[in-house]
Each structure stands twice: as structure tokens, then as C-alpha cells.
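This report concerns only the one structure given below.
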Amino acid sequence: MNPNPYAWIEKSLDTVRRADWYRSPQSIESCPGPAVKLGNRRLINFASNDYLGLAGDDRLIQAAVAATKEFGTGATGSRLLSGHRDLHRQLEQAIANLKQTEDALVFSSGYLANLGAIASVAGKRDLILSDKYNHSSLKNGAALSGATVLEYDRSHLEDLKAKLEQNRAKYRKCLIITDSVFSMDGDLCPLPQLLALAEKFNCMVLVDEAHATGVFGASGAGCAEHFGCTGLPLIQVGTLSKALGSLGGYVAGSAALIDFLRNRAATWIYTTALTPADTAAALEAVRIVQQEPERRSRLQQNIETFKYCATNRQLPISHSLSPIFSLPLKDAATALTAGSKLKEMGIFAPAIRPPTVSVSRIRISLMATHELAHLLQLVEALGEVLSFDSMLGAHRAPLD
Ligand SMILES: *Cc1c(COP(=O)(O)O)cnc(C)c1O
């Protein structure tokens, strides 16, 4: 019998299943919102990145429909060759205005924005310092660049400083890359301290505002605004797919940086432009983010209410300023059991397991459109899940 060169795939999947790491997507059968239909059940949704509740907003839907009717469903080519529309440029100017940067460039996804930006500004003779809990797109962007990559621990910035002291002089350029809100723990990067170190050691800084845009800062510009770092030399990356309720990514920064990326970023040059629908929806979302700060206030209120109730109920949740919370659990199997028990109780909050995180957990993300009753039901259900046998892992935060 001939050997099967693909036999390893089933074996590999078996290993994944045995470790309780196996994943598969679940279908949501309704419009995005604080409650969704999943497998014929209505569940309160704590699994969404739609922090401001814009993905199902009528105004975004209307904008997408109008753009589709006017410009069609596809952009038909890359921006440089045939896909560019005025709408793309309007969105870029709106993002630059939100971020208070000279310019911005829109990519087909946040993932591609990170790959393109990092691999364009750093190369073989350069050094990248990367937070060890950075998003996959930052890590893969660093790998793609060919630069030497060193990971650092943001809770001990002396670690970063020591690495800079030891290594900076050996390299031509140096880039520090970090999430601004960490997507699994919900904590914020120490941006002002990172910028101070960057200045001292002549480094560029790239900050990924995926979970912060629309959520942090008085005008919703993100953590850079929250920390008073607006206008400082920074490469800001983000996504149109979270609080902005659409699809796509962006880089915002100096006019020279953006011009450089238009000429160098392979993930921008060699890919089809964003669809008219996604572009128009994102443009409408940026307008709403700037004009309706009450959405951010409602989200902030929900964060405070949830923290207060969870603390009263003595739930060992991670504490953060962001709408992202985690409940650390003993192991992957426990997290899966907790996830399905929550579902039985009408709560959709996913189990997150290795290799995404090192400590298995239930991840909770809050939205501006959650009502008090939703939050109370969540706290009740989490309390009940934890009262089952030995659900809890070590209660330490994963960063300790
Ligand atoms: C979601 C996310 C991305 C990817 O953005 P997409 O637009 O979904 O590709 C990048 N970085 C971080 C930190 C994210 O959370």
C-alpha cells in the first residue's frame, strides 16, 4: 500500500482533541447585539468585541447598503491598480482625524495591518522588542520581518530596560510592539513608560489599539488618548472590526510613515481593497464614535456595575479598566465544562484555552448595550458555575 503523505493530519487532530484544545465555530443566527440566537436558544452575549453595539446599528447597515448599491459588492482590485475609491480615502482621513495623526492607511484586516506595518518598518538588521502576551498578528508580523525578536514582561519594565541596554547598540533600528488593551486579560500596556524608554534608546513604538479604539479616550481615539500620548511619535494600528462594527484594519501615524507603507507594505499592495460596504460602515462608525460619547459612558457604567456585583459575589475575576474580564479556571476541560454550564444558564461566554492563553479561563466582554438585568444574570450564573466542585484554578492573575 502506498504511504499516505496526509495521514499526519488526523493524528495531529487527535492530539489536539486529547488535550481538550479542539475548537470549532458555533453559528449565531441573529443580528449582533447584547442577546443573540445560538442553536435555537436566545443567549445573553458576552462573547462579542462589538463594545459599542454598532455592528447591528441601523445607520451602519444603511451606509453599507447605500455604498453597495452605488459602488457594487467588490472593490475589484488592489488600491494601487484598480480598487481605490474616494470612500477609502474618506475613511482614512476620518481615522487620522480620530487619532489626531497626519494620515492613516486602511488594510483588509487588523491582522494584515500588523503583518504589513511591522514587516515594513523592521528588517533583518533590526531589533524588535515584543510583549510576551502580544496578539498573534504582532508576533507573526515580527517573525515575518526577519528582525531579531526579544520578548519582554510588561509587569517588570526593568526587564525591557535591561534588554535595551544589552542589545540596542547591536542593531540599526529598534521597534517596540505592544497591544494597548490585552485581548485576553483586559489590562492596559504601560504606554507612557514604553514611550519614555523608546525615547531614551532611540526606538520606534507600534501600539495595537484593536480593543481600545472607540472604547478609551475622551473622543474614543484609544489608549494613546487615554494616557495623554496624542501627538507623540507612534505607529498606531487597529481594527475596524471591534468597536467600529465593520471589517478591516488600519495604521495611523505620520504622513511619511503612511506614504512609506503605501510603497512597501506587501499586505496592502498585493491584496484587494476593502469592499464598499465595509468601508462605508466603518466610516459611519467613526462618526458615531466621535459624536456619541454617551456610548462610551454607558460601557464604562456597565464595567463599573459588573465589577461591583462580581466583587460582592466574591468572583475571582481579573480586574481591569477595560470591558474585558477573565475568570481563570483549573484547566482546559474545566473551562469547557464551565462554558457549557453557562450556556445552559442562558449566558454565552467562551472558554479560552491553550494555545491562545497559558491559563484556561472564561472570557467575558461587556458592551454598551448590555442592560442591568444582563449583568446581574451573568454574575448569578458565574457564581453558580463556581459553586460546582473544583472549578477554580489557582486564583492568581496569569501575569503573576
Ligand atoms: C482582533 C485583533 C487583531 C486582528 O484584527 P482583525 O481586524 O480581526 O484581523 C489584531 N490585534 C489585536 C490585539 C486584536 O485583538
Side-chain angles (χ1 to χ4, degrees), residues 25 32 47-52 54-55 60 88 91-92 95 99 104-119 128 130-145 151 154 175-189 191 194 205-216 222-224 226 234-252 265-268 271-275 277-279 281-283 285-286 289 320-326 350 352 355-357 361 363-367 398:
S48 166
N49 298 317
D50 182 20
Y51 299 113
L52 301 177
L54 292 179
L60 271 71
H88 292 122
L91 175 58
E92 289 169 344
I95 291 168
K99 301 277 173 179
L105 188 63
V106 169
F107 288 71
S108 304
S109 76
Y111 208 110
L112 290 172
N114 272 325
L115 293 186
I118 297 169
I128 292 180
S130 174
D131 188 293
K132 66 178 176 182
Y133 288 101
N134 272 343
H135 188 260
S136 157
S137 55
L138 291 165
K139 292 188 175 190
N140 278 328
L144 184 64
S145 76
E151 294 199 331
R154 68 174 171 283
L175 173 68
I176 300 173
I177 57 177
T178 183
D179 283 20
S180 72
V181 172
F182 285 84
S183 54
M184 291 298 144
D185 293 304
D187 58 324
L188 274 52
C189 76
L191 188 61
L194 292 176
V205 177
L206 181 147
V207 61
D208 181 346
E209 299 263 39
H211 292 277
T213 301
V215 173
F216 280 96
C223 281
H226 169 81
L234 257 181
I235 302 172
Q236 301 181 53
V237 182
T239 179
L240 307 174
S241 68
K242 288 175 177 145
L244 299 178
S246 181
L247 180 68
Y250 62 82
V251 178
T267 61
W268 185 81
T271 198
T272 302
L274 217 55
T275 68
D278 292 324
T279 314
L283 184 60
V286 173
V289 159
S320 76
L321 298 171
S322 79
I324 302 168
F325 295 89
S326 75
I352 312 278
T356 306
V357 289
R361 69 202 49 204
R363 179 179 184 274
I364 294 147
S365 60
L366 303 182
M367 299 167 59

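Every heavy atom of this structure was used, including side-chain atoms; hydrogens, water molecules and symmetry mates were not. These numbers were taken from a predicted model, which means no experiment stands behind them. As the structure lists them, so they are numbered: ligands from 1, and atoms in each ligand from 1.
- With atom 12 (C) of ligand 1 as the reference point, the heavy atom nearest to it among Asp208, Leu112, Asn49 is part of Asp208.
- Geometrically, ligand 1 and Tyr111 share a nitrogen or oxygen pair separated by less than 3.5 Å.
- Residue Asp208 forms a side-chain hydrogen bond (donor to acceptor under 3.5 Å, both in side chains) with just one option from Thr239, Thr213, Asn134, Asn114, and that option is Asn114.
- Salt bridge annotation for Lys139-Asp131: absent, with no cationic side-chain nitrogen under 4.0 angstrom from a carboxylate oxygen.
- Set against the non-hydrogen atoms of Asp179, the atoms of ligand 1 under 4.0 Å away are 13 (C).
- Nearest protein heavy-atom contact of atom 8 (O) of ligand 1 is Ser241 OG, 3.4 Å.
- Atoms of ligand 1 found under 4.0 Å from any heavy atom of Ser137 (numbered from 1 in listed order, with element): 10 (C), 11 (N).
- In the vicinity of Gly248, heavy-atom distances shorter than 4.0 Å reach the ligand 1 atoms 7 (O).
- Note that CG of Leu274 is 6.0 Å distant from OG of Ser108, once rounded to the nearest 0.5 Å.
- Relative to the six-membered ring of Phe182, Arg154 meets both conditions, a distance below 6.0 Å and an angle of at most 45° to the axis.
- Checking Asn140 against Ser137 by side-chain atom types alone, no donor-acceptor pair falls below 3.5 Å.
- Each of the following atoms of ligand 1 lies closer than 4.0 Å to a heavy atom of Thr239: 5 (O), 6 (P), 7 (O).
- Contacts of Ser109 with ligand 1, taken as heavy-atom pairs under 4.0 Å, involve both backbone and side chain.
- Here's the thing with Lys242: one of its N/O atoms is less than 3.5 angstrom from an N/O atom of ligand 1.
- The protein atom (non-hydrogen) at minimum distance from atom 6 (P) of ligand 1 is Gly110 N, 3.4 Å.
- Backbone and side-chain nitrogen or oxygen atoms of Ala210 are examined, and none is located within less than 3.5 angstrom of a nitrogen or oxygen of ligand 1.
- Looking only at atom types and distance, the side chain of Glu151 has no donor-acceptor partner in the side chain of Ser130 under 3.5 Å away.
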Tell me, with the steps shown, if Asp187 and Ser322 meet side chain to side chain contact (heavy atoms under 4.5 Å, CB included).
CA-CA 7 Å; Asp187 58 324; Ser322 79; over 6 Å; no
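- A side-chain contact (heavy atoms from CB on, under 4.5 Å) with Val237 is found for one member of Ile118, Leu206, Val207 and no other, namely Leu206.
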